[in-house]
Amino acid sequence: MTTPKLKEILISEKQIQQRVLELGKELEKDYKDKDLVLVGVLKGSVIFLADLSRAIEIPHSFDFIGASSYGAGTTSSGHVQITRDITFDLKDRHVVLVEDIYDTGNTMEKLIGLLLLHGPASVEVCAMLYKDRPRVKEHEIRYRGFEIEDKFVVGYGLDLDQYYRNLRDIWVMG
Ligand code: IMP
Ligand code: MG
């Protein structure tokens with residue numbers, strides 16, 4: 001097996017910034033007068049959440065939940081491990097789960113179930129990337145940054161074996 005390398009830029013920093021501002025404005029409008037909590041999925045959503053939160057100019061809070069599904073390499077293990085639970089009180093609050101990428105849906109399935117146990121007023125999902133691929137179960141991803149082909153990507157928080165999260169653009173590996 002050859003080691004995957006950075007192949008080409010799929011989405012540039014400029015395109016990302018523009019889209020994040022648009023998503024922020026959309027959330028701002030939808031959650032006006034609501035108690036909004038962004039829940040970022042560690043670690044991939046950290047950079048997206050930092051930008052998204054600052055694009056939302058209404059009072060809101062955020063917390064993190066830890067989940068890990070990919071082992072080493074570029075294929076999902078299918079097993080979703082919770083590495084950190086919510087510490088914030090979500091009861092009667094409006095939650096937006098912030099994900100780096102919606103891929104097989106395994107993570108989403110597990111996390112939505114877990115969040116609902118906290119008794120929130122509502123739960124919606126905001127994913128920076130939405131992979132166009134077949135899934136066993138489709139979840140409603142209300143806020144989508146970009147829809148992409150079924151390719152392995154890194155950058156803007158997304159990793160390959162924990163590397164490349166720092167890249168400002170989103171790259172395809174090849
Ligand atoms: P899912 O459970 O298969 O939907 O995968 C969700 C998680 O897998 C994401 O939060 C990412 O951490 C990781 N993941 C899925 N696709 C990619 C990719 O193309 N690049 C890097 N990480 C990915
Ligand atoms: Mg990952």
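Please read all numbers here as calculations on a predicted model, not as lab measurements. Counting starts at 1 for both ligands and their atoms, following the listed order. Numbering starts at 1 and runs along the sequence shown.
- The one candidate from V98, V41, L38 that meets the side chain to side chain contact (heavy atoms under 4.5 Å, CB included) condition with F48 is V98.
- Considering both main-chain and side-chain atoms, V80 never comes within under 3.5 Å of ligand 1 through any nitrogen or oxygen pair.
- For the ligand labelled ligand 1, residue G105 lies inside the 4.0 Å heavy-atom shell.
- For atom 2 (O) of ligand 1, the choice among L160, T107, L42 with the nearest heavy atom turns out to be T107.
- Using a 4.0 Å cut-off to heavy atoms of D103, the atoms of ligand 1 that qualify are 1 (P), 3 (O), 4 (O), 5 (O), 15 (C), 16 (N).
- Listed by chain and number, the residues in a salt bridge (Lys or Arg N to Asp or Glu O under 4.0 Å) with D169 amount to none (sequence neighbours excluded).
- Heavy-atom separations between M108 and ligand 1 are all 4.0 Å or longer.
- Side-chain N or O atoms of D35 include none that pairs as donor or acceptor with a backbone N or O of D92 at under 3.5 Å.
- With respect to the salt-bridge test (charged N to carboxylate O, under 4.0 angstrom), the residues E26 and K29 do not qualify.
- Ligand 1 has K131 within reach: a non-hydrogen atom of the residue lies less than 4.0 Å from it.
- For the pair R54 and F62, the cation does not sit on the ring face, since its NZ or CZ is not both under 6.0 Å from the ring centre and inside 45° of the axis.
- Under a 4.0 angstrom heavy-atom cut-off, K151 registers as being in contact with ligand 1.
- At least one N or O atom of T104, backbone or side chain, sits closer than 3.5 Å to an N or O atom of ligand 1.
- Close N/O approach between V153 and ligand 1 is found [any backbone or side-chain N/O within under 3.5 Å].
- If you check each of Y164, W171, F152 against atom 17 (C) of ligand 1, the one with the closest non-hydrogen atom is F152.
- Within the structure, ligand 1 has D159 among the residues with a heavy atom less than 4.0 angstrom away.
- Remark: side-chain polar atoms of S12 are paired, donor with acceptor, to backbone N or O of Q15 under 3.5 angstrom.
- With respect to K25 and D30, no salt bridge is recorded, no charged nitrogen being found less than 4.0 Å from a carboxylate O.
- Using cut-offs of 30° and 60° for the angle between ring planes, the H139 and Y102 rings count as perpendicular.
- Using a 4.0 Å heavy-atom cutoff, V41 is absent from the residues neighbouring ligand 1.
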